[in-house]
Amino acid sequence: MGRSPCCEKEHTNKGAWTKEEDQRLIHYIKLHGEGCWRSLPKAAGLLRCGKSCRLRWINYLRPDLKRGNFTEDEDELIINLHSLLGNKWSLIASRLPGRTDNEIKNYWNTHIKRKLYSRGIDPQTHRPLLLMSTTTTNNNKTIVAAVAITITVIITNLLCLRRVITFPITTPTYYFIIIIIKLGLLKGVVVIIVVIIIIIIIMMLL
DNA sequence: AACTTCCGCAACCGCTTTTTT
DNA sequence: CAAAAAAGCGGTTGCGGAAGT
């Protein structure tokens, strides 16, 4: 025993709103206020779904919306809130008067992501990009390791071929690269040194 | 000037949560 | 309490204008 549907789906307009539709929606809400989006389209004489009316009002027509570019302070606030809340756009928007969740989401995807990348920060985790490559999932580590090794091998062997360096990359070097990439620089170097010491001890005992 | 590619943003889609009957 | 739709939310798409060739 539910409610009746909000609109007849086959008799609704889609796509961009016209000036006339905007005026009808503004006029109706000025007279009757927000709320009950289910009955609004019919009462306002709009061939739109209630959901579409709500979105248009909240994201575009509301009089308290702040128009224009985001300020530097707003940028930093969005970045800080995103680091705490993640992609909770509505929560982020509630801390920025006059801005909508949709607007902030779009702004994040078009501007702030790029800004963070240029600072060398991963926009999803807010961690430095270089650290990311060594601490993500095993699958990602393998991909990063494979790409790094392939590039290193190609460059080293080309340099060797052109006699810039006198020796090609060797098998132990591959393993050292893998270890450093998988464990990080510090841990990797420690592990390599320990391995070398063990090898030296074994050789001396033999 | 004509065409193509890129970019930003409004609107839609589909899912989850809340409300109503 | 259950069912069904509204409300709300976040991801994605597609259009229109700007920029590049």
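Quick note: numbers below take in every heavy atom, side chains included, and nothing from hydrogens, waters or symmetry partners. All of these numbers come straight from a predicted model, not from anything done at the bench. Convention: sequence-line order gives letters A, B, ...; per-chain numbering from 1.
- Within a heavy-atom distance below 4.0 Å of DNA chain C, the residues of residues 85-93 of chain A found are A:N87, A:K88, A:W89, A:S90.
- Look at CZ on A:R54: it is 19 Å from P on C:dA5, rounded to the nearest Å.
- Closest non-hydrogen pair, A:R48 versus A:P41, comes out as O-CB, 3.0 Å.
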Report the C-alpha distance between A:N13 and A:E21 in whole Å, list the side-chain angles of each, state the deciding distance to 0.1 Å, and finish with yes or no for side-chain contact (heavy atoms from CB on, under 4.5 Å).
-> CA-CA 10 Å; A:N13 290 340; A:E21 285 177 314; 3.2 Å; yes

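- Sorted by first and then second residue, the salt bridge (Lys or Arg N to Asp or Glu O under 4.0 Å) pairs involving residues 89-99 of chain A (not counting sequence neighbours) are A:E74-A:R99, A:R99-A:E103.
- No side-chain heavy atom of A:Y60 sits under 4.5 Å from any side-chain heavy atom of A:W17.
- Using a 4.5 Å heavy-atom cutoff, the side chains of A:I79 and A:R119 are in contact.
- For the pair A:L116 and A:H126, the minimum side-chain heavy-atom distance is below 4.5 Å.
- A:R114 has a side-chain polar atom (N or O) that falls below the 4.0 Å cut-off from OP1 or OP2 of B:dG8.
- For the side chain to side chain contact (heavy atoms under 4.5 Å, CB included) test, residues two or more places apart in sequence or in another chain that qualify with A:L85 are A:L81, A:K88, A:L91, A:I92.
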Throw together a table of side-chain donor-acceptor distances under 3.5 angstrom for residues 24-31 of chain A, partners on residues two or more places apart or in other chains.
{"from": "A:R24", "atom 1": "NE", "to": "A:E20", "atom 2": "OE2", "distance (Å)": "3.3"}
{"from": "A:R24", "atom 1": "NH2", "to": "A:E20", "atom 2": "OE2", "distance (Å)": "3.3"}

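- Direction of the helix axis in the helix from B:dA2-C:dT21 to B:dT21-C:dA2 shifts by 20° between the two five-pair termini, rounded to 10°.
- Following rounding to the nearest Å, A:N109 (CG) and B:dG8 (C1') show an atom-to-atom distance of 11 Å.
- Between A:W108 and A:W89, the ring planes are tilted. Angles from 30° to 60° get that label.
- Annotation: side chain of A:D101 is in contact with side chain of A:N59 (closest heavy-atom distance under 4.5 Å).
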Are there any protein N/O atoms within less than 3.5 Å of an N/O atom in nucleotides 9-12 of chain B, and if so, which ones and at what distance?
{"from": "B:dA10", "atom 1": "O3'", "to": "A:R56", "atom 2": "NH1", "distance (Å)": "3.4"}
{"from": "B:dA10", "atom 1": "N7", "to": "A:N106", "atom 2": "ND2", "distance (Å)": "3.0"}
{"from": "B:dA10", "atom 1": "N6", "to": "A:N106", "atom 2": "OD1", "distance (Å)": "3.4"}
{"from": "B:dA11", "atom 1": "OP1", "to": "A:W17", "atom 2": "N", "distance (Å)": "3.3"}
{"from": "B:dA11", "atom 1": "OP1", "to": "A:R56", "atom 2": "NH1", "distance (Å)": "2.6"}
{"from": "B:dA11", "atom 1": "OP2", "to": "A:R56", "atom 2": "NH1", "distance (Å)": "2.4"}
{"from": "B:dA11", "atom 1": "O3'", "to": "A:G15", "atom 2": "O", "distance (Å)": "3.4"}
{"from": "B:dA11", "atom 1": "N7", "to": "A:N102", "atom 2": "ND2", "distance (Å)": "3.3"}
{"from": "B:dA11", "atom 1": "N6", "to": "A:N102", "atom 2": "OD1", "distance (Å)": "3.2"}
{"from": "B:dC12", "atom 1": "OP1", "to": "A:G15", "atom 2": "N", "distance (Å)": "2.6"}
{"from": "B:dC12", "atom 1": "OP1", "to": "A:G15", "atom 2": "O", "distance (Å)": "3.4"}
{"from": "B:dC12", "atom 1": "OP1", "to": "A:R48", "atom 2": "NH1", "distance (Å)": "3.4"}
{"from": "B:dC12", "atom 1": "OP2", "to": "A:S52", "atom 2": "OG", "distance (Å)": "3.2"}

